[in-house]
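The block underneath contains the structure these notes are about, expressed in structure tokens.
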Number of protein chains: 2
Amino acid sequence: MTGGRRRGAELELAILRAAAEELTASGYSGMTMDKVARRAGTNKNAIYRRWPQRAALGIAAYKYVADARTPSADTGTLRGDALELLRQANATWSSPRGAILRDLLAAAADEPALLELLREQVGGGALNAAWFALLGRAVARGEAPPEAVQPRVAALPMMLLRGEYALRGVPAVPDEVLVEIVDEIFLPLIRGRGLASPRPPSAD
Amino acid sequence: MTGGRRRGAELELAILRAAAEELTASGYSGMTMDKVARRAGTNKNAIYRRWPQRAALGIAAYKYVADARTPSADTGTLRGDALELLRQANATWSSPRGAILRDLLAAAADEPALLELLREQVGGGALNAAWFALLGRAVARGEAPPEAVQPRVAALPMMLLRGEYALRGVPAVPDEVLVEIVDEIFLPLIRGRGLASPRPPSAD
DNA sequence: CTCCTTGAGGTACGTTGCGTACCGTACCAG
DNA sequence: CTGGTACGGTACGCAACGTACCTCAAGGAG
């Protein structure tokens, strides 16, 4: 007699928690509907009443898990800021989390609605805003020309990181790659100095 | 009497062709073992004798498809070459094709051996060589400084394209995006002139 | 020419996992 | 008290992967 039959929000939360646990424990492919139902102490019916398909529950569970990531950090230099954001993203996406996201993306590829939801989670507002803020600070410091504040430029490093993820299956991008992205692509582009040397600026 | 019972290499090729057709027609998720067997005029036995699991066949089929591409084109200008290669890649990867790679990646994520195979295909030889050749021609024309011939620079546009694919679930990157990649990122980076508003809608 | 090994063909099956249907039953409202 | 809503339980249909088993054609060895 721990309590009667759960309903509404209470049950929904229990399902979501169970799904999140399964998700983090066994990844998306291990997040079976039956297992979620069993762990939540209910049955698939109650789940399907709320999420019409597995992918929807997966995305909801992922969102439930997703921390309140608070990016944005002012390290004092453009290079430091960029590396910080990249490293943060890399860390967040690493480990099973990245795989979950990849599987989720694959699963939701057919459903525009799900994709929208996911994209919002992944690349969405906050992250982009952080990169714009970074560029803004750089301009204020005189490290970048005002023309550098463009969507494509702001999105560039994360795009490259995504590209790396697409290449390597396992999301374990080594730190040197992040440094290369910043030093060989991002900074030269912004500074407009061209590609003097592949290595980090010696004295600049 | 088109011939007796096929064996060895002949049968293998038939399976591979059937798999490739299914793959390009319905994507990886649609590449069912039964359908492949039926299309190849054989049965699953013959397939499993060669590829122990679906993912292996998928990768082999992908490789079979990918080998047919013949990139490289000399349009006379750096911009033209880059756009040409990007458009070619975009066209090749379009339709279910782009999703194939993601699905394949997800399917092969557990198997290091498959992953290796896949990575080799994706980032691999021919495509990268084409971009290096492109850079080489640009240097010869005086359109780019010799320092521009770097792996990360050569890989940049394809990386960005991959990033676009990762963002949009559906691999239908509009042409303007390709143009933006070239005009706002690739060319400014190579020319080292900075970001002097490549296509200014107004005077900033 | 005759065996005999190899590997292809055919079919059926076991298993997993998604999604659905049906039915009884507990909660809540009036 | 009475009804409607929604939860619980179970069973099912279906697709698809992977496997087992048997038959039979091909092609070489003797």
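Here the structure is a predicted model, which means the values were calculated and not measured. Order of the sequence lines fixes the chain letters, A, B, ..., with proteins taken first and strands second; residue numbering starts at 1 for each chain.
Residues passing the side-chain hydrogen bond (donor to acceptor under 3.5 Å, both in side chains) test with S29(A), sequence neighbours excluded: none. Scored by the side-chain hydrogen bond (donor to acceptor under 3.5 Å, both in side chains) test, D175(B) finds R87(B) as partners (sequence neighbours excluded). With sequence neighbours excluded, no residue satisfies side-chain hydrogen bond (donor to acceptor under 3.5 Å, both in side chains) with R54(B). Taking A55(B) as the reference, Y28(B), A107(B), L114(B) meet the side-chain contact (heavy atoms from CB on, under 4.5 Å) condition, with sequence neighbours excluded.
Here R152(B) does not pair with E184(A) in a salt bridge; the nearest charged N to carboxylate O distance is not below 4.0 Å.
K35(A) has its NZ atom 10 Å from the P atom of dC18(C), to the nearest Å. Taking atom CG of residue D34(B) and atom P of nucleotide dC14(D), one finds them 16 Å apart after rounding to whole Å. One atom, CE of M33(B), and another, P of dT15(C), lie 20 Å apart when rounded to the nearest Å. As rounded to whole Å, 18 Å separates atom P of dT5(D) from atom CG of L11(A). In this structure, the CG atom of L57(B) is 14 Å from the C1' atom of dA16(D), given to the nearest Å.
Legend: side chain to side chain donor-acceptor pair (under 3.5 Å) pairs involving residues 44-53 of chain A, not counting sequence neighbours, sorted by first then second residue: E12(A)-R50(A).
Residues from residues 42-56 of chain B placing a heavy atom under 4.0 Å of any atom in DNA chain D, listed by number, are K44(B), N45(B), Y48(B), Q53(B), R54(B).
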